[in-house]
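Please read the structure below before turning to the comments.
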2 protein chains.
Amino acid sequence: METVERLIRSTQELLWERGYVGTSPKAIQIAADAGQGSMYHHFSGKAELAKAAIERSGAELRAAAEEQFADGTSTERITGYLRREREVLKGCRMGRLTSDPDVMADPVLRAPVDETFQWIRSRLATIIAEGKENGEYPAGLDATRTAATIAAVLQGGYVLARAANSQEPFDLAIEGLVDLLTGVTS
Amino acid sequence: METVERLIRSTQELLWERGYVGTSPKAIQIAADAGQGSMYHHFSGKAELAKAAIERSGAELRAAAEEQFADGTSTERITGYLRREREVLKGCRMGRLTSDPDVMADPVLRAPVDETFQWIRSRLATIIAEGKENGEYPAGLDATRTAATIAAVLQGGYVLARAANSQEPFDLAIEGLVDLLTGVTS
DNA sequence: GTCTATATCACGATAGAC
DNA sequence: GTCTATCGTGATATAGAC
């Protein structure tokens with residue numbers, strides 16, 4: 001693999017594990033097996049490398065979601081997305097960046113994070129709207145609100161799981177949401 | 001205010017804003033208006049200070065929640081808790097620590113985070129169970145799952161809001177959940 | 001209890017040789 | 001493109017005076 005590619009992937013991994021503040025250029029170089037000079041030749045510094053890594057992660061997350069959204073009823077697509085296998089205890093690569101002060105303070109770094117969540121909420125809202133049209137969901141269901149709730153349960157599920165050092169709270173939160181969405185209670 | 005108290009409160013604030021990795025002893029000393037020697041006289045170092053600060057924050061969060069849980073129907077108590085005023089764009093003081101690698105790696109620092117979320121989920125489950133007993137909620141509603149979902153929506157709402165740099169997604173997620181819980185859709 | 005001085009190391013980058 | 005050397009700064013303490 002080429003140096004630039006190794007640098008980007010190593011940065012993605014380190015941002016996931018340790019965040020932006022907790023990731024040093026030195027650590028990236030070691031993980032990518034690249035020298036100091038090499039890294040600074042290809043990227044102006046830590047920030048530019050992080051930008052490339054975050055954008056890459058955003059594209060990968062969207063692609064993974066689209067796979068789940070490909071076909072099925074609205075409920076099947078949403079529950080498929082919610083229940084797909086995830087590295088729950090590692091947390092969300094994108095969501096964890098929202099607690100990184102230097103990422104949030106830099107519009108260039110925050111933009112791909114923002115866009116990723118806007119996209120997923122909008123995509124979920126569309127699927128819910130389709131479910132309303134074909135009678136799968138009641139007409140009174142607010143698609144925009146519900147989409148935000150679904151995205152929030154996922155992100156919050158990661159938080160609860162990491163706090164507990166166990167996947168269980170994540171699964172509970174997801175299944176509790178599925179119960180509410182599929183009217184298991186009525 | 002005494003030095004120890006100022007140190008703890010300043011650490012709470014800095015952990016909230018910048019996390020454990022992003023907070024230096026020096027920054028704490030400046031915020032607390034305490035000298036280097038003073039800080040190391042009262043605390044063995046950054047970790048012990050963080051432990052005190054996280055435990056304090058946990059106690060405060062539980063107290064704030066209990067206020068909302070004091071009286072009303074189950075739905076009133078839950079929606080009151082969900083809708084109470086929050087500094088949404090600052091994120092959750094406790095939740096943000098789950099993305100801090102050094103906090104998660106240290107059992108002593110993770111413990112108060114874990115306990116806080118266990119407590120809130122258990123407290124919510126009790127309220128839901130009470131709602132089932134008095135007929136406010138259907139018997140088929142799983143209290144443990146639903147409690148996890150509610151806690152997750154809050155935590156995820158913070159994430160979405162910070163990503164968007166706007167409180168809107170938080171409010172959408174909360175109201176979407178309230179819709180589902182109160183059966184507005186049926 | 002609080003102060004200043006000092007120590008050691010890592011961070012994030014630049015410079016110039018090869 | 002990659003290497004090594006170097007730089008100035010900040011992190012995280014320790015030591016000992018007051």
Side-chain angles (χ1 to χ4, degrees), chain A residues 1-56 96-97 99-110, chain B residues 1-56 96-97 99-110:
Chain A
M1 203 188 308
E2 287 130 23
T3 302
V4 169
E5 187 64 17
R6 289 202 316 278
L7 283 166
I8 293 176
R9 295 198 190 180
S10 297
T11 305
Q12 282 184 279
E13 204 59 33
L14 283 163
L15 286 181
W16 194 0
E17 286 166 14
R18 304 201 40 87
Y20 184 81
V21 167
T23 297
S24 69
K26 176 102 184 160
I28 294 170
Q29 292 151 27
I30 290 169
D33 194 27
Q36 192 115 331
S38 185
M39 193 199 99
Y40 281 102
H41 173 75
H42 294 293
F43 296 92
S44 67
K46 179 175 162 177
E48 193 178 283
L49 196 35
K51 176 175 183 290
I54 297 171
E55 284 170 350
R56 174 76 65 88
R96 72 109 51 234
L97 296 174
S99 57
D100 216 308
D102 292 4
V103 171
M104 291 298 98
D106 183 345
V108 171
L109 294 181
R110 192 174 61 77
Chain B
M1 204 188 307
E2 290 130 22
T3 302
V4 169
E5 187 65 17
R6 288 203 316 278
L7 283 166
I8 292 176
R9 295 200 188 179
S10 298
T11 304
Q12 284 184 278
E13 204 59 34
L14 283 164
L15 286 182
W16 194 359
E17 286 167 13
R18 303 201 41 87
Y20 184 80
V21 168
T23 296
S24 69
K26 176 103 185 160
I28 294 170
Q29 291 151 28
I30 292 169
D33 193 27
Q36 192 113 330
S38 185
M39 193 199 100
Y40 282 102
H41 172 75
H42 294 291
F43 295 91
S44 68
K46 179 175 160 177
E48 193 177 284
L49 196 35
K51 176 175 184 289
I54 297 171
E55 284 170 351
R56 174 75 65 87
R96 72 110 49 236
L97 296 174
S99 57
D100 216 307
D102 292 4
V103 172
M104 291 297 99
D106 183 345
V108 171
L109 294 181
R110 192 175 61 77

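Convention: sequence-line order gives letters A, B, ...; per-chain numbering from 1. Scope of the values below: all heavy atoms of this structure, side chains included, with no hydrogens, waters or symmetry mates.
The nearest whole Å value for the distance from the CD atom in A:Gln29 to the C1' atom in C:dC11 is 11 Å. Rounded to a whole Å, the CD atom of A:Glu48 is 16 Å from the P atom of C:dG12. To the nearest angstrom, C1' of D:dT2 lies 16 Å from CD of A:Glu2. A straight line from CE of A:Met39 to C1' of C:dC11 spans 11 Å, rounded to a whole angstrom. Put simply, CZ on A:Phe43 is 18 Å from C1' on C:dT14, counting in whole angstrom units. Atom pair A:Arg18:CZ and C:dA10:P shows a separation of 13 Å (rounding to whole Å applied). Distance CD1 (B:Ile30) to C1' (C:dC3): 16 Å, rounded to an integer number of Å.
One finds no side-chain N or O of A:His41 lying less than 4.0 angstrom from the OP1 or OP2 phosphate oxygen of D:dC3. Under 4.0 angstrom from either OP1 or OP2 of D:dC3 there lies no side-chain N or O belonging to A:Ser38.
A donor-acceptor contact shorter than 3.5 Å is absent between the side chain of B:Thr11 and the backbone of B:Leu49.
Interatomic distance, A:Met39 CE to A:Thr3 OG1, rounded to the nearest 0.5 Å: 12.5 Å. To the nearest 0.5 angstrom, B:Asp106 atom CG is 7.0 Å from B:Tyr20 atom OH. The structure places CD1 of B:Ile8 at 10.5 Å from NZ of B:Lys51, a figure rounded to the nearest 0.5 Å.
Donor-acceptor pairing under 3.5 Å is recorded for the side chains of A:Ser99 and B:Ser99.
Applying the side-chain hydrogen bond (donor to acceptor under 3.5 Å, both in side chains) criterion to B:Lys46, with sequence neighbours excluded, gives no partner residue.
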Write down the protein N/O and nucleotide N/O pairs, taken from nucleotides 12-15 of chain D, whose separation is under 3.5 Å; answer none if there are no such pairs.
unit_1 : atom_1 : unit_2  : atom_2 : d
D:dT12 : OP1    : B:Lys46 : NZ     : 3.4
D:dT12 : OP2    : B:Lys46 : NZ     : 3.4
D:dA13 : OP2    : B:Lys46 : N      : 3.3
D:dA13 : O5'    : B:Tyr40 : OH     : 2.9
D:dA13 : N7     : B:Gln36 : NE2    : 2.9
D:dA13 : N6     : B:Gln36 : NE2    : 2.5

